[in-house]
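Following: one structure in structure tokens, then a few remarks.
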Amino acid sequence: MFCSNCGKELPEGTKFCGFCGTAVKAEEPVAEEAVKTEEPVKAEEPAKVEEAVKVEEPVAVQPAYSPIPEEPVAKKKGKGGKIAAIAIACVALVAVIVGGCLFFAKDKLSNTIHKSFDKPKDYYSYVEKKNLSTMAEKSGSEYATKILDQMKTSDRTITETIKVKVGPRGKDFTALASTAGIDLSWLDSVGLTYVVGAQDTKLKMSMAPILNDTKLATMLMLMDIKEGKIFASVPELSEKYLGMSLGDSYQLANSTEQFEKMFGMYEEMAKAIPTPEKLEEMALKYYEIAMEQVEEMEKSKSKLEVEDISEECTLLTMELNSKDLQKVLKAITKELAKDKDIEKMITQLYDSMSELDESINGDEKYEEYLSGLEQFEESIDDIKIDKFIMETYVSNEGQIIGRTVTIKVDDESVTVIYANPRKDDNVGYEVTVKSSEEDMNFSLILVGKEKGGKYNGDAKLKVNGKKIANCTIEDYDIEEGKKGNFSGSFTIKPGSDVDLKELLDSMFRGSNAAESQIVSMLGNMDLALKISGEMKIEQHDIALSVLDGGSEIISLIFTGTIGEGEGINFPEDYIEISNDGSYDEAELMSFVKGLNFSAVFDNLRTAKLPEEWISMAELYIKQMMNSMR
């Protein structure tokens, strides 16, 4: 039999779909029974039928099929007719409201039905299948394809700017340089920008230093991979290029072919990654195999808490001993050894690598995989535990909002906790690893609000009971996070149990007087590290800032994009330098004498470099150029 809503195949006799929660409709015998109970009423008790119509008529969909004689109904006039009309309208309104509520509360209704009527193990199966489906939708080949698309070696342009920026608080430190007779008040930022472009067998690379957001000069290089030629120029100094042929020593003549092979390998590797649908199918299969080995499970009401945020939920508890765990592992291992999807994935993945390395063979790698499985299966009986306890917390919508896994062996135990309760807009997160050994405890706790798709809150990191770090989270984009991107800001500060001055002293112990003074100054500051901006595969703008009391000292900023390629043209007129280093001396000397530095000096002035520094540079260049004449 199949579910009428989602189409999934279900075992005979199933009352509710284990995939979407829809109630399975009864078959023909039920409909026939309903007809038999109605017919005698129509024939033997017309008066009662007429009375019943007053109640049932408002919800009738097709009055033309009503068994009530037309004449008696026609005689009903006045208030009775109005009341019937009002009743019809009210029932219709209620039907619309209830229908809408059922549509939007489908998950909650489905979960309530399963929670109320299923056995603990069956309810757990329903919840896990539902959550596995959700996880499968967020993974798989579409992410690999997106990353692969950005890795293309042809028709691509990559831009990147790395900049160090001095903030308001940093200006206080640069002012100290004036005591040594150095004026740095003009300095706002320094950096480097570069562009790498590819088009078929052509490459373009440019690099330029940046001062106070002003590009000073550009080093431009073009490369013809096929012909083995390189062209270089500095556009601010001259329109002419220097050209060099790599000659017989050129070893990159087949680079284009290698690039094509490499990209072909990436494409084949991407094909080996299962689709979300296939991942869901595989995950559900192995989940069912594991659950067949589990005999008992407990269900109870509970409350999941993180700090002061709590959510009422259902707790499902599963406890296994060594024999139970061994049964699960053996069943899964046997299925892995004969799983054709796994075989296809492994062979296809390694066969794709043979494009670059002919020694790699997919079939051989699969045989190695089977050998490893066999060795693992032989060692399963050696796995000994006292208890494996897993507690699963389920929300009223059927979502898994927390887990606790505890493994006990002899007198030692390890517990891993994940919790994500919600109450209105308030959201809590916790990840904790705790051991019976006191020096192996770790805890990360976040508490905040989720509104408009953004998360704002505070996090704290504890290690062995000590507060190591605090973090303030602002406008973190949840949807972007699900896609593997980052958007928002994190501000990290030392925890209350960390003495920054003592930590710095221990790091720089034995340093000279100047370093000791700097360490002392830093130890008395309210330091924080802020990470802000956005990062996606195709573009990013991220800043790492050091703050003092919330004021920026210095920032390291990364800005870049990956986009479509731009046209690349090689110069027809250039000064040629052969691969052995020979050149036309007169032509090259003419080129050097024709260099114009005025544009560079103009850029330095735009960048607010002190005039006396620029004047010194101009004088030096002038003297050098005069010596060549």
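FYI, side chains are in, hydrogens and waters are out, and symmetry mates aren't considered; it's all heavy atoms of this structure.
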TODO: Enter the distance from M291:CE to D122:CG here, rounded to the nearest 0.5 Å.
DONE: 9.0 Å
Open item on the list: Taking the basic N atoms (NZ, or NE/NH1/NH2) and the acidic carboxylate oxygens, is any pair closer than 4.0 Å for E343 and K338?
Closed with: no
TODO: Side-chain contact test, heavy atoms from C-beta onward, threshold under 4.5 Å: evaluate it for I553 versus M525 and give yes or no.
DONE: yes
TODO: Measure the NZ-CD distance between K460 and E307 for me, rounded to the nearest 0.5 Å.
DONE: 4.0 Å
TODO: Could you check if a side-chain atom of V447 sits within less than 4.5 angstrom of a side-chain atom of V306, using non-hydrogen atoms only?
DONE: yes
Open item on the list: Return the CG to NZ distance between L320 and K387, rounded to the nearest 0.5 Å.
Closed with: 11.5 Å
Task: Smallest separation among heavy atoms of I309 and G428, with atom names - done: CD1-N, 3.8 Å
Open item on the list: As an exercise, state the distance from CD1 of I407 to CG of L325, rounded to the nearest 0.5 Å.
Closed with: 8.0 Å
Open item on the list: Between Y194 and T161, is there a side-chain donor-acceptor contact under 3.5 Å, judged purely by atom types and distance?
Closed with: no
Task: ring pair (Phe, Tyr, Trp, His ring centres under 6.0 Å) contacts touching residues 440-464 (sequence neighbours left out) - done: Y429-Y455
TODO: Determine the minimum heavy-atom distance between I492 and A469, stating which atoms define it.
DONE: CG2-CB, 4.3 Å
- [ ] In plain terms, say whether E288 and K129 are close enough for a salt bridge, that is, a side-chain N and a carboxylate O under 4.0 Å apart.
- [x] yes
Open item on the list: Please evaluate residues S443 and T432 with respect to the criterion side-chain hydrogen bond (donor to acceptor under 3.5 Å, both in side chains), reporting the C-alpha separation (whole Å), side-chain torsions for both, the decisive distance (0.1 Å), and the verdict.
Closed with: CA-CA 4 Å; S443 182; T432 296; 3.1 Å; yes
- [ ] Check whether any side-chain heavy atom of P168 lies under 4.5 Å from a side-chain heavy atom of S551, and answer yes or no.
- [x] yes
Task: Pair I468-D497, side chain to side chain contact (heavy atoms under 4.5 Å, CB included): steps then yes or no - done: CA-CA 6 Å; I468 302 300; D497 291 327; 5.7 Å; no
Open item on the list: Contact between Q326 and S322 at the side-chain level, heavy atoms closer than 4.5 Å - yes or no?
Closed with: yes
- [ ] Without swapping roles, check the side chain of N456 against the backbone of D475 for a donor-acceptor pair under 3.5 Å.
- [x] yes
Task: Aromatic ring pairing Y126/Y123, orientation class (parallel under 30°, perpendicular over 60°, tilted between) - done: parallel
Open item on the list: I need the minimum non-hydrogen distance between Y476 and G481, along with the two atoms involved.
Closed with: OH-CA, 3.3 Å
Task: All side chain to side chain donor-acceptor pair (under 3.5 Å) counterparts of T559, not counting sequence neighbours - done: D541
TODO: In plain terms, say whether K285 and E335 are close enough for a salt bridge, that is, a side-chain N and a carboxylate O under 4.0 Å apart.
DONE: yes
Task: Ion pair check, D548 and R169, cut-off under 4.0 Å - done: yes
- [ ] In plain terms, say whether E552 and K530 are close enough for a salt bridge, that is, a side-chain N and a carboxylate O under 4.0 Å apart.
- [x] no
Task: Nearest heavy-atom neighbours spanning M297 and M318 - done: CE-CB, 3.6 Å
Open item on the list: Show, in sequence, the C-alpha distance, side-chain angles and deciding distance for E450 and D425, and conclude whether the side chain to side chain contact (heavy atoms under 4.5 Å, CB included) test is met.
Closed with: CA-CA 5 Å; E450 186 178 306; D425 293 336; 5.9 Å; no
TODO: Kindly indicate, with the supporting measurements, whether the criterion salt bridge (charged side-chain N to carboxylate O under 4.0 Å, His left out) is fulfilled by D188 and K171.
DONE: CA-CA 9 Å; D188 295 324; K171 289 287 186 179; 2.8 Å; yes
Open item on the list: Please report the interatomic distance CG(D339) to CD1(I346), rounded to the nearest 0.5 Å.
Closed with: 9.0 Å
Open item on the list: Taking salt bridge (Lys or Arg N to Asp or Glu O under 4.0 Å) as the cut-off, I'd like each qualifying pair that reaches into residues 399-418, sequence neighbours left out, listed once.
Closed with: E128-R403
Task: Presence of salt bridge, E292 and K327, under 4.0 angstrom - done: no
Open item on the list: Less than 4.5 Å apart, side chain to side chain, heavy atoms only: is that true for T406 and V414?
Closed with: no
- [ ] Would you mind reporting whether N212 and L187 have side-chain heavy atoms less than 4.5 Å apart?
- [x] yes
Task: Minimum heavy-atom distance I332-A290, with the two atoms named - done: CD1-CB, 4.1 Å
- [ ] To the nearest 0.5 angstrom, please state how far the CD1 atom of I383 sits from the CG atom of L329.
- [x] 5.0 Å
Task: pair D324-V294: side-chain heavy atoms closer than 4.5 Å - done: no
Task: Charged N-O contact under 4.0 Å between E296 and K121 - done: no
TODO: Classify the side-chain pair S532/S489 by whether it contains a donor and acceptor separated by less than 3.5 Å.
DONE: no
TODO: Ignoring hydrogens and angles, tell me if any N or O in the side chain of S436 forms a donor-acceptor pair with the backbone of S413 under 3.5 Å.
DONE: yes
Open item on the list: Checking side-chain hydrogen bond (donor to acceptor under 3.5 Å, both in side chains) between N485 and each of E480, E538, H540, which is the one that passes?
Closed with: E480
Task: Heavy-atom check, side chain of T314 versus side chain of T392, under 4.5 Å - done: no
Task: NZ/NE/NH1/NH2 to OD/OE distance under 4.0 Å, K493 and D526 - done: yes
Task: Considering all heavy atoms, the nearest D381-K330 contact - done: OD1-NZ, 2.8 Å
TODO: Check whether the side chains of S545 and S555 place a donor and an acceptor atom closer than 3.5 Å, and report yes or no.
DONE: yes
Task: Test log, rule salt bridge (charged side-chain N to carboxylate O under 4.0 Å, His left out), inputs E474 and K454 - done: CA-CA 8 Å; E474 296 176 291; K454 301 291 181 67; over 6 Å; no
